[in-house]
Amino acid sequence: MTTPSDDTSAGRFEFWRDVVGQSFVPLEALPREVPDFRASLHTAQLGAVQVSVVAADPHGVAHTRKHIASDPADFVKVSLQLAGQCMLTQADRQALLKPGELAIYDTRHPYTLDFDQRYRTLVLMFPRVMLRLPERDLARMIATTVSCSDGLGPVVHPFLCGLAGQVRQLDALGTPRLADSVVDLVGAMLSDRCSVEVTQQDDGRELLARRILTYMEQRLSDPGLGPDRIAAAHHISRRFLYKLLAERGYTVSGWLRERRLAECLRDLADPALAHMPVATVGSRWGFPDPAHFSHAFKSAYGMSPSEARGAGRTALGA
């Protein structure tokens with residue numbers, strides 16, 4: 001379908017509004033100021049997979065909560081940018097697609113597409129269950145730019161471009177087996193990218209955890225050091241701080257207590273610090289209350305701080 005050549009620009013856009021609203025899931029086409037709007041859509045059906053090539057002047061598209069309420073279709077859509085660029089927004093994320101990049105979006109949730117220049121794009125739409133991508137992985141990949149220049153991209157990209165080039169003949173050539181192949185290839189590419197994303201996220205979490213532990217180590221002597229200050233210093237929530245350390249077998253208070261007591265034990269055994277009162281040793285490592293220090297130390301080591309100092313002297317022959 002192509003916008004009629006014998007109409008005004010506004011008339012062609014109204015025609016296009018009807019086309020996009022009927023050709024995919026319910027959508028609202030949003031106009032941009034262009035002097036002479038023109039657009040075209042070529043669509044083929046491969047079993048349950050709809051293959052479409054869209055070329056148009058700048059405009060926007062919105063799939064809203066109202067659309068979803070009227071038609072709760074359970075599809076995923078994959079867009080491969082062939083020319084121009086597109087800003088996809090869904091789930092509080094934005095993906096800027098340039099030629100050779102693709103993204104996936106979920107029709108169960110609102111999304112917008114914004115084209116600020118003349119563009120051409122391949123759109124695949126198929127039931128979500130065909131993708132066989134775990135829900136958690138699908139959520140990770142929604143509105144994420146996926147480059148076709150690495151991973152499985154150099155394998156998948158020529159195939160998808162071939163579909164786009166043959167879209168007018170696909171109805172005659174296509175079979176359900178070809179539809180499965182299309183989805184399997186896209187699914188493999190997304191799954192591969194998701195694995196990379198998870199690894200990068202895990203690496204990032206590990207780096208953040210190490211930074212937090214270093215921060216805590218450098219401030220052991222500060223009795224005011226606690227979860228709120230640690231979380232604020234790293235721009236994360238207190239809840240995420242707890243989760244991050246729990247993944248490594250720690251609690252904030254437990255780690256601080258263990259490290260502080262270890263430093264106290266070392267100082268108590270140091271002959272050079274024999275003149276320092278026991279309470280002062282505790283205070284310099286974050287235990288300003290002598291009674292609390294004595295109780296925590298005995299719980300950890302089975303002896304009082306004074307007994308630990310005596311045992312250290314005995315071991316040294318003092």
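Position 1 is the first residue of the sequence, and the numbers go up from there. All values below were derived from every heavy atom in this structure, side-chain atoms included, with hydrogens, water molecules and symmetry-related copies excluded.
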**Q** Which heavy atom of F287 sits nearest a heavy atom of A296, and at what distance?
**A** CE2-CB, 4.3 Å
**Q** Roughly how far, to the nearest 0.5 Å, is the CZ atom of F15 from the CG atom of D7?
**A** 9.5 Å
**Q** Go through L41 and V53 one step at a time and tell me if the side chain to side chain contact (heavy atoms under 4.5 Å, CB included) criterion holds.
**A** CA-CA 6 Å; L41 168 68; V53 175; over 6 Å; no
**Q** Taking atom types as modelled and ignoring hydrogens, do the side chains of E101 and T145 form a donor-acceptor contact shorter than 3.5 angstrom?
**A** no
**Q** Taking C-beta and beyond as the side chain, do M189 and R193 meet within less than 4.5 Å on heavy atoms?
**A** no
**Q** Any Lys/Arg nitrogen of R108 or D74 sitting under 4.0 Å from an Asp/Glu carboxylate oxygen of the other?
**A** yes
**Q** Quick check for you: to the nearest 0.5 Å, what is the distance between W285 atom CH2 and L268 atom CG?
**A** 12.0 Å
**Q** Counting only heavy atoms not in Y250 (residues, nucleotides, ligands), do more than 12 fall under 6.0 Å from its OH?
**A** no
**Q** Take M141 and V146, measure what side chain to side chain contact (heavy atoms under 4.5 Å, CB included) needs, and give me the verdict at the end.
**A** CA-CA 9 Å; M141 296 308 299; V146 179; 3.8 Å; yes
**Q** Would you say the side chains of Q85 and D116 form a donor-acceptor pair under 3.5 Å?
**A** yes
**Q** Do L265 and L261 share a hydrophobic cluster, counting only Ile, Leu, Val, Met, Phe, Trp and Tyr and linking them when any side-chain heavy atoms are less than 4.5 Å apart?
**A** yes
**Q** Using ring-ring contact (aromatic ring centres under 6.0 Å, His included) as the criterion, list what pairs up with Y119, not counting sequence neighbours.
**A** H59, F115
**Q** Counting distance only, does the side-chain N/O of S294 pair as donor-acceptor with the main-chain N or O of P290 below 3.5 Å?
**A** no
**Q** Begin with the C-alpha distance, continue with both residues' side-chain angles, and end with the deciding distance and a verdict on side chain to side chain contact (heavy atoms under 4.5 Å, CB included) for I104 and L131.
**A** CA-CA 11 Å; I104 185 170; L131 191 59; 3.6 Å; yes
**Q** Same cluster or not: are V54 and L97 linked, directly or through other Ile, Leu, Val, Met, Phe, Trp or Tyr residues, by side-chain heavy atoms under 4.5 angstrom apart?
**A** no
**Q** Taking the side chain as everything from C-beta on, heavy atoms only, tell me whether F24 gets closer than 4.5 Å to V123.
**A** yes
**Q** On a heavy-atom basis, which atom in L30 and which in F13 lie closest, and how many Å separate them?
**A** C-CZ, 3.5 Å
**Q** Of the options L82, L80, L185, which is the one that meets L160 in a side chain to side chain contact (heavy atoms under 4.5 Å, CB included)?
**A** L80
**Q** Hey, does V61 have a side-chain heavy atom less than 4.5 Å from the side chain of E28?
**A** no
**Q** How far apart are the closest heavy atoms of V167 and V51, and which atoms are they?
**A** CG2-O, 3.7 Å
**Q** Just wondering, do L220 and E263 contact through their side chains at under 4.5 Å, heavy atoms?
**A** yes
**Q** So, T107 side chain and A73 main chain: donor-acceptor pair closer than 3.5 Å or not?
**A** yes
**Q** Same cluster or not: are V156 and V49 linked, directly or through other Ile, Leu, Val, Met, Phe, Trp or Tyr residues, by side-chain heavy atoms under 4.5 angstrom apart?
**A** yes
**Q** What do you reckon, is CZ of R238 surrounded by more than 12 foreign heavy atoms closer than 6.0 Å?
**A** yes
**Q** Following the transitive rule for hydrophobic clusters with a side-chain heavy-atom cut-off under 4.5 Å over Ile, Leu, Val, Met, Phe, Trp and Tyr, establish whether M87 and Y111 coincide in one cluster.
**A** no
**Q** If we count only N and O atoms by modelled type, under 3.5 Å, do the side chains of Y105 and S79 hold a donor and an acceptor together?
**A** yes
**Q** Do S149 and H157 come within less than 4.5 Å of each other through their side chains, counting heavy atoms only?
**A** no
**Q** How long is the span from the CG atom in L273 to the CZ atom in R309, to the nearest 0.5 Å?
**A** 7.5 Å
**Q** Decide whether T43 and Q45 meet the rule of one side-chain donor and one side-chain acceptor closer than 3.5 Å.
**A** no
**Q** What distance separates L225 CG from R260 CZ, expressed to the nearest 0.5 Å?
**A** 6.0 Å
**Q** If the threshold is 4.0 Å, N to carboxylate O, is there a salt bridge linking R132 and D184?
**A** yes
**Q** Can you check whether F126 reaches Q50 side chain to side chain, under 4.5 Å on heavy atoms?
**A** no
**Q** Taking all atoms of both residues into account, what is the closest heavy-atom pair of R93 and R140, and its distance?
**A** NH1-O, 3.0 Å
**Q** Specify the closest pair of heavy atoms between S5 and R12, including all atoms of both residues, with the distance to one decimal.
**A** O-NH1, 3.7 Å
**Q** Apply side chain to side chain contact (heavy atoms under 4.5 Å, CB included) to M276 and R284, showing your working.
**A** CA-CA 11 Å; M276 186 179 290; R284 76 191 296 238; 3.7 Å; yes
**Q** Got a sec: does the CG of D92 have more than 12 other heavy atoms crowding it under 6.0 Å?
**A** no
**Q** Do you know which two heavy atoms are closest between L133 and L190, and how far apart they sit?
**A** CD2-CB, 4.5 Å
**Q** Going by the rule side chain to side chain donor-acceptor pair (under 3.5 Å), which residues pair with T64 if we only count those two or more places apart in sequence or in a different chain?
**A** H67
**Q** Heavy atoms, side chains only, cut-off 4.5 Å: are F297 and V281 in contact?
**A** no
**Q** Using a strict threshold of under 4.0 Å (side-chain N to carboxylate O), is an ion pair present between R32 and D114?
**A** yes
**Q** Measure the spacing between CG of L245 and OG of S253 and express it to the nearest 0.5 Å.
**A** 10.0 Å
**Q** Would you say I68 ends up clustered with L138 if hydrophobic residues are merged whenever their side chains have heavy atoms under 4.5 Å apart, either directly or through other cluster members?
**A** no
**Q** Does NZ or CZ of R219 fall inside the cone over Y215's six-membered ring, less than 6.0 Å from its centre and within 45° of the axis?
**A** yes
**Q** Do other residues, nucleotides or ligands put more than 12 heavy atoms under 6.0 Å from E33 CD?
**A** no
**Q** With distance as the sole test, does H234 use its side chain to make a donor-acceptor pair with the main-chain N or O of I230 at under 3.5 Å?
**A** yes
**Q** Counting heavy atoms not belonging to H295, are there more than 12 under 6.0 Å from its NE2?
**A** no
**Q** Roughly how far, to the nearest 0.5 Å, is the CG atom of L208 from the CG atom of L241?
**A** 8.5 Å
**Q** Does a sphere of radius 6.0 Å around CD in E217 hold more than 12 heavy atoms from other residues, nucleotides or ligands, not counting ones at 6.0 Å or beyond?
**A** yes
**Q** Are S304 and S306 close enough that a side-chain donor and a side-chain acceptor fall under 3.5 Å?
**A** no
**Q** Heavy atoms, side chains only, cut-off 4.5 Å: are K98 and C86 in contact?
**A** no
